Amino acid sequence: MNCDYLIKNGTVVDFRTMRTSIRDVCIKDGLFVEGSEDMNAQFTLDAAGKYVLPGLIDEHVHLNVSNSNIGSNADLLCIPMGVTTAVDAGTSGWTNFEGFYNYNIVRYVPNVLAYLHVSPYGVHSGCIHEENHDPADFNEREIIRRLVKYRDTIVGLKVRMCKATLGDHGIAPLRRAVEIAEEACRETGKFCIVDVHYDNLPENVTVQEILDTLRPGDVISHIMQVHGETMFEPDGRIREALKQARDKGVWMDDCHGRVHWSFENLRRAYADGFYPDIISSDVVRISTFVKPGASLVHAMNVCSAAGMDELEIFKAVTYTPAKALGILDSAGTLEPGRPADLCIMEARDTEEEYLDWWGGSCQGQKCFVPLATFKDGVIVYRQTFF
């Protein structure tokens, strides 16, 4: 049998059993295919001692570079980091999503999906006022029109629950977002995720209210954030409400960014046996490759330094976000017949000291280094020394 690429001797992870094996991965006509002893390849790569992973998924990042002032460029940010699928986290609302789609999404190399912001214009920075979160201004008709038209791209709705956006509206914006999402489910025939930016809450909103309002399949982002009512009890343990929400099916996204985590909180959570379901970068234009934001891989390195298990980190940037987004048929797996998106990754020993935004630090043990990225069966990035 002939194939286009044969990646030999790599370490492959079965994320259903969390077991690893050394095996070959074959690519033909843009898809993963079963290997055989008589396989003839046009190109062969030896991945001995390296991980061969599904293309990484950055489930929460900002990529509207054309008509927002915070979007990063997906081709520059994602591909060198092994990211082949990314989700724009509400940079656009219904008024400006089509510009984002036509000028960026369809032109990017990685697959870019999106959360549509319930606020009409999406996320902007440097303004006196943050997004408008008056539920009366959430235009259900226009939001659902975009969800129907771009049903293969828009995966859900984004709402920011923090002092900067809520004013006196309390929990009402989130409840309204869930109502619109439920109507969207009926109109599109697919689940409409609600992704919640959770940060410094006003006094009239509690973490418990947010978690009670979310449905199975929704996502709460920035769970390691440091302001106001955090995810920790006074004794430093994870709140029972958070564990209960996870049990009912709410996805927990650490959603790094620059300011939404600290090493103190990461260590607390891991010590309590609590890992995030999803690791995402929340990179914006000014934090692209600038630490402590930088990239999805930097977030992985930080989680490793704080004590998160290596295989759990890989699962949180591949299989789990694919499952949460409902895209396991096209991402998050190396199964035959699936699009051949993959990342060859090396885990190197490191002595780097990692820093957080708040003055904390942590001595790194492992540093993840992307060596090659494949998109639809074609190499789109490769380190010169690999």
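Predicted model, so just to flag it, every value in this text is computed and none were measured.
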Plane angle bin for Trp261 and Phe263 - parallel if under 30°, tilted between 30 and 60°, otherwise perpendicular: perpendicular

Side chains of Glu353 and Ser361, donor plus acceptor under 3.5 Å: yes

Nearest non-hydrogen partners of Gly377 and Ile27, listed with the distance: CA-CG2, 3.6 Å

Arg16 NZ/CZ over Tyr319 ring centroid, <6.0 Å and within 45° of normal: no

CA sep, side-chain torsions, deciding dist, call: Asn67, Asn96, side-chain hydrogen bond (donor to acceptor under 3.5 Å, both in side chains): CA-CA 8 Å; Asn67 61 351; Asn96 54 352; 5.0 Å; no

hydrophobic_cluster_shared for Ile279 and Val226, side chain cutoff 4.5 Å: no

side-chain contact (heavy atoms from CB on, under 4.5 Å) assessment of Thr11 paired with Val52: CA-CA 6 Å; Thr11 301; Val52 179; over 6 Å; no

Validation row, ring centre His222 to ring centre His60 under 6.0 Å: yes

Donor-acceptor contact below 3.5 Å, side chain Gln363 vs main chain Glu351: yes

side-chain contact (heavy atoms from CB on, under 4.5 Å) evaluation trace for Leu157 with Ile180: CA-CA 9 Å; Leu157 301 179; Ile180 296 173; 3.9 Å; yes

Of Ile193, Thr91, Val159, the residue whose pairing with Tyr115 passes side chain to side chain contact (heavy atoms under 4.5 Å, CB included): Ile193

Ring-ring centroid check His197 His260, cutoff 6.0 Å: yes

Aromatic centroids of His298 and Tyr354 separated by under 6.0 Å: yes

Path from Val155 to Val317 over hydrophobic side-chain contacts below 4.5 Å: no

Nearest heavy-atom neighbours spanning Asn265 and Met224: ND2-O, 3.0 Å

Lys/Arg N to Asp/Glu carboxylate O, Lys291 vs Glu352, below 4.0 Å: yes

Main-chain N/O of Arg160 paired to Thr165 side chain as donor or acceptor, under 3.5 Å: yes

Under 3.5 Å, which donor-acceptor pairs link side chains of residues 323-332 to any protein atom two or more places apart or in another chain?
{"unit_1": "Ser330", "atom_1": "OG", "unit_2": "Ile327", "atom_2": "O", "d": "3.3"}

Main-chain N/O of Val123 paired to Lys158 side chain as donor or acceptor, under 3.5 Å: no

Qualifying residue for side chain to side chain contact (heavy atoms under 4.5 Å, CB included) with Arg258, from Ile286, Asp356, Val283: Ile286

Derivation and outcome, salt bridge (charged side-chain N to carboxylate O under 4.0 Å, His left out), residues Lys8 and Asp24: CA-CA 4 Å; Lys8 297 180 64 67; Asp24 298 344; 3.6 Å; yes

Check: Tyr198/Gln225 side-chain N/O donor and acceptor closer than 3.5 Å: yes

Ring centroid separation His227 to Trp358 under 6.0 Å: yes

Residues that Tyr150 engages under side-chain hydrogen bond (donor to acceptor under 3.5 Å, both in side chains), provided they are two or more places apart: Glu98

Joint cluster assignment, Met345 & Leu77, ILVMFWY side-chain distance < 4.5 Å: yes

CG on Asp282 to OG on Ser287, rounded to 0.5 Å: 7.5 Å

Shortest non-hydrogen contact between Ala47 and Ile344, atoms and distance: CB-CG2, 4.3 Å

Minimum heavy-atom distance between Gly170 and Met161, given as atom pair plus value: O-CE, 3.7 Å

Under 3.5 Å donor-acceptor, Asp88 side chain and Leu63 backbone: yes

Lys315/Glu312 ion pair, N-O < 4.0 Å: no

Derivation and outcome, salt bridge (charged side-chain N to carboxylate O under 4.0 Å, His left out), residues Glu142 and Arg146: CA-CA 6 Å; Glu142 293 294 344; Arg146 301 303 181 277; 3.0 Å; yes

Flag, side chain of Arg382 to backbone of Leu371, donor-acceptor distance under 3.5 Å: no

Pairing of Arg19 and Asp14 as salt bridge, 4.0 angstrom limit: no

Residue pair Asn104 / Ser66, side-chain donor-acceptor N/O under 3.5 Å: yes

Leu342 with Tyr108, same ILVMFWY side-chain cluster at under 4.5 Å: no

Side-chain H-bond candidate by donor/acceptor type, Asp254 with Ser280, under 3.5 Å: no

Distance-only donor-acceptor check, side chains Ser281 and Asp58, under 3.5 Å: yes

Minimum-distance pair of heavy atoms, taken over all atoms of Leu311 and Val13: CD2-CG2, 3.9 Å

Sub-4.5 Å side-chain heavy-atom contact between Arg267 and Cys362: yes

side-chain contact (heavy atoms from CB on, under 4.5 Å) between Leu56 and Thr84, worked out: CA-CA 6 Å; Leu56 307 189; Thr84 56; over 6 Å; no

From Asp212 atom CG to Gln244 atom CD, the distance as rounded to the nearest 0.5 Å: 8.5 Å

Arg239 side chain to Thr230 backbone, donor-acceptor under 3.5 Å: yes

Stepwise salt bridge (charged side-chain N to carboxylate O under 4.0 Å, His left out) test for Arg176 and Asp137: CA-CA 10 Å; Arg176 181 66 181 128; Asp137 288 331; over 6 Å; no

Least distance between heavy atoms, Leu201 atom then Lys163 atom: O-CE, 3.4 Å

Aromatic ring proximity Phe314/Phe368, centre distance under 6.0 Å: yes

Polar side-chain atom of Asp218 near backbone of Val194 as donor-acceptor pair, under 3.5 Å: yes

From Ile171 atom CD1 to Thr206 atom OG1, the distance as rounded to the nearest 0.5 Å: 7.0 Å

Atom pair OG1 (Thr318) and CD1 (Ile313), whose distance is rounded to the nearest 0.5 Å: 11.5 Å

Residue pair Arg285, Val65: steps toward the side-chain contact (heavy atoms from CB on, under 4.5 Å) verdict: CA-CA 8 Å; Arg285 188 176 303 170; Val65 74; 4.0 Å; yes

Side-chain donor/acceptor of Asp4 to backbone N/O of Asp29, under 3.5 Å: yes

Within one Ile-Leu-Val-Met-Phe-Trp-Tyr cluster: Phe191 and Ile278, side-chain cutoff 4.5 Å: yes

Main-chain N/O of Arg268 paired to Arg237 side chain as donor or acceptor, under 3.5 Å: no

Any donor-acceptor pair under 3.5 Å from Thr373 side chain to Ile79 backbone: yes

Test item: side-chain donor near acceptor, Thr288 and Ser72, under 3.5 Å: yes

